[in-house]
2 protein chains.
Amino acid sequence: MPTIARELAGLAALIADPGRALILSRLMDGRPQTAGELALVAGVTPQTASWHLGRLVQHALLKVERRGPRRLYRLATPLVAQILEGMMTVAVTGPHATRPPARIDAAMRRARTCYDHLAGELGVALADALREREYLVLDQEVGELTEGGTAFLGSFGIDLDPSARHRRVLCRPCLDWSERRPHLAGRAGAALAELAFQRDWIRRRPQGRSVEITDTGLDAFRTLFGVCI
Amino acid sequence: MPTIARELAGLAALIADPGRALILSRLMDGRPQTAGELALVAGVTPQTASWHLGRLVQHALLKVERRGPRRLYRLATPLVAQILEGMMTVAVTGPHATRPPARIDAAMRRARTCYDHLAGELGVALADALREREYLVLDQEVGELTEGGTAFLGSFGIDLDPSARHRRVLCRPCLDWSERRPHLAGRAGAALAELAFQRDWIRRRPQGRSVEITDTGLDAFRTLFGVCI
DNA sequence: TGAACGTTTCGATCATGATCGAAACGTTAC
DNA sequence: GTAACGTTTCGATCATGATCGAAACGTTCA
């Protein structure tokens, strides 16, 4: 009767399989992946991965696009990414009394993409620095870019149209599951991440969501943002 | 190796069982429940429910408190409630192409509590009405109460300290899974719900999260908020 | 048209964990 | 202390769904 609970359980069951969780986690960086690659990530055979991917698409967690003889899978919507990120936060903050602080891959913890913006130590440190300079107001639930912050980002060539026309919000906090504190998301966060990639401050690692901070990046984050990491 | 995916899968597995999902959904209204009542809700024997409850507590989704010979269970944190609500949204909006619009209990759809504020048709209609009168700015991701809105709520005796001292945010949107549009959450949303209960505009039903709108309530919502439902 | 490749479908096997009966536990009331 | 009640623990049973081998499918390229 309470069908919403059934729906909830169904969605959770979809994420509950380790292989599918691995696939979803991998797709959290926003880039589409082929079925074969995702099979490797999940550590299962292609046919098993195909079965998982089919279920994820059927339940609208994933979108699939045919590119030649292969198929590219990606998260269906930003909402899906947001919820998965939230679940990770609960999953990590939850049993802290039970288990030791859930050792996470060091690389992921240090710096990673969270759909389209930056997370991990780097993401949180950048948000803190922007807050320190009063470029940004950010707590667990709401965020706002100040005039100074808009100008600061503008000095890097980031032009954020502040009008409310956009479907996506300009600036919002995203609770970082590894740091347990908010980092910067929304269009501002995405623009900042894009800037960092373009200027080669950070590089995507061949696999996984973690990113590598280059020497140039270390220097830039220190001198331009006052972030020492 | 990617332990975060394991954590994610573990959390999801916890929610994936229909019985546990029923229990969690029931506890989403914020009121603690005894183990026996939750066994009834889940449709299992007390010993099975006890097993489920133990797992949920162990993984920090639930808190338990001994009240005499019985034990009261409640959601561990507001964050847990928020994530569950988000998951419901994804669960319902997800497979809309596959299945028919996932028929939800009519009562739940009409009016219910969402942890400590109002949701369903009623919740969304109230948010719309407040927006219409420019008491409130609310989109999918951010929300703000205007001066007029603060005054309006004040006229009902709701005094919301706007200082940033509080752990909880004053005003935020919460995506309504049944209406697929945001309703009002945060302290403002909680205060509004409390007002409605105190003035007998709405009453909790003996079981479930849905609430009944009284005749007084229908009248009050129409004359005071301009909401016809 | 035929061959190569990535991907999916089918079928059978196997493991994880949900379930309940029986009994023990802990608290309260008398 | 003893009885009554709500709750938990233990043990055995059972069902769901994850897995892979084999084979078919569909697309691209020669």
Side-chain angles (χ1 to χ4, degrees), chain A residues 2 5-27 31-59 61-74 95 98 207, chain B residues 2 5-27 31-59 61-74 95 98 207:
Chain A
R6 295 250 159 218
E7 302 283 333
L8 176 65
L11 171 65
L14 223 53
I15 307 174
D17 178 81
R20 286 195 293 262
L22 247 7
I23 288 172
L24 290 169
S25 176
R26 179 69 184 86
L27 290 174
R31 286 181 299 174
Q33 302 283 342
T34 65
E37 289 172 44
L38 292 172
L40 282 175
V41 168
V44 294
T45 59
Q47 59 269 35
T48 300
S50 172
W51 181 72
H52 287 314
L53 290 168
R55 295 199 55 176
L56 290 170
V57 169
Q58 189 185 4
H59 286 77
L61 287 190
L62 260 43
K63 274 190 307 193
V64 61
E65 171 193 350
R66 312 186 68 123
R67 173 95 71 165
R70 53 191 83 199
R71 304 194 182 184
L72 290 177
Y73 289 88
R74 74 184 73 201
T98 314
Q207 60 219 13
Chain B
R6 294 250 159 219
E7 301 284 333
L8 175 65
L11 171 65
L14 224 52
I15 308 173
D17 179 80
R20 286 195 292 260
L22 246 7
I23 288 173
L24 290 169
S25 176
R26 179 69 185 88
L27 290 173
R31 284 181 301 173
Q33 302 283 342
T34 66
E37 290 172 44
L38 292 172
L40 282 175
V41 168
V44 294
T45 58
Q47 58 268 36
T48 300
S50 172
W51 182 72
H52 288 314
L53 290 168
R55 294 199 55 175
L56 291 170
V57 168
Q58 189 185 4
H59 287 77
L61 287 190
L62 260 45
K63 274 190 308 192
V64 61
E65 171 193 350
R66 312 187 68 122
R67 174 93 72 165
R70 55 192 82 199
R71 303 192 182 186
L72 290 178
Y73 289 87
R74 73 184 73 201
T98 314
Q207 61 220 16

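Numbers restart at 1 for each chain; the letters A, B, ... are given by sequence-line order, proteins then strands.
Side-chain proximity of B:R70 to C:dA18, D:dT7, D:dT19: nearest is D:dT7. Of all nucleotides listed (D:dT7, C:dA22, C:dT8), C:dT8 comes nearest to the side chain of A:Y73. For B:Q47, taking side-chain heavy atoms from C-beta onward, the closest of the listed nucleotides D:dT8, C:dA18, D:dG17 is D:dT8. When each of C:dT19, D:dT19, D:dC20 is scored by its nearest atom to the side-chain atoms of B:W51, the top-ranked nucleotide is C:dT19. Set against C:dT7, D:dG21, D:dT8, the side chain of A:A35 has C:dT7 as its closest nucleotide. For B:V44, counting side-chain heavy atoms from C-beta on, the closest listed nucleotide (D:dT8, D:dT27, C:dC20) is C:dC20.
One interatomic measurement links the two molecules: CZ of B:R66 to C1' of D:dT7, which rounds to 9 Å at whole-angstrom precision. Here C:dT19 presents its C1' atom at 13 Å from CD1 of B:I23, a figure rounded to the nearest Å. The separation between B:Q33 atom CD and D:dG6 atom P is 16 Å, rounded to whole Å. Rounded to whole angstrom, the span from the CG atom of A:L40 across to the C1' atom of C:dT7 amounts to 14 Å. For the pair B:R71 CZ and C:dT27 P, the interatomic distance rounds to 8 Å; values are reported in whole Å. Spacing between atom CG of A:L72 and atom C1' of C:dG6 amounts to 12 Å, rounded to whole angstrom units. Nucleotide C:dT19 holds its P atom 12 Å from the CG atom of B:L53, rounded to whole Å.
Screening B:L56, B:I23, B:V64 for a side-chain contact (heavy atoms from CB on, under 4.5 Å) with B:Y73, the sole residue that qualifies is B:V64.
Base pairing of D:dC20: its partner is C:dG11, meeting the Watson-Crick or G-U wobble criterion (both donor-acceptor distances under 3.5 Å).
Taking side-chain N and O atoms only, A:H52 has a distance below 4.0 Å to OP1 or OP2 of D:dT19. Regarding contacts with the backbone of C:dC20, a side-chain N or O of B:T48 is found under 4.0 angstrom from either OP1 or OP2. Between B:T45 and the phosphate of C:dC20, there is a side-chain N or O to OP1/OP2 separation shorter than 4.0 Å. Between A:R20 and D:dA18, a side-chain N or O to OP1/OP2 separation shorter than 4.0 Å is present. Within the structure, a side-chain polar atom (N or O) of A:R55 is placed less than 4.0 Å from OP1 or OP2 of D:dA18.
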Handout entry: Test log, rule side chain to side chain contact (heavy atoms under 4.5 Å, CB included), inputs B:R70 and B:Q33
Key = CA-CA 10 Å; B:R70 55 192 82 199; B:Q33 302 283 342; over 6 Å; no

Exercise for the section: For salt bridge (charged side-chain N to carboxylate O under 4.0 Å, His left out), just list the numbers for B:R74 and B:E65, CA-CA rounded to whole Å, side-chain angles, deciding distance to a tenth of an Å, and then say yes or no. Expected result: CA-CA 8 Å; B:R74 73 184 73 201; B:E65 171 193 350; 2.7 Å; yes

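A side-chain donor-acceptor contact under 3.5 Å links A:T34 and A:E37.
A:L38 contributes atom CG, which lies 10.0 Å from atom CG of A:L22 (distance to the nearest 0.5 angstrom).
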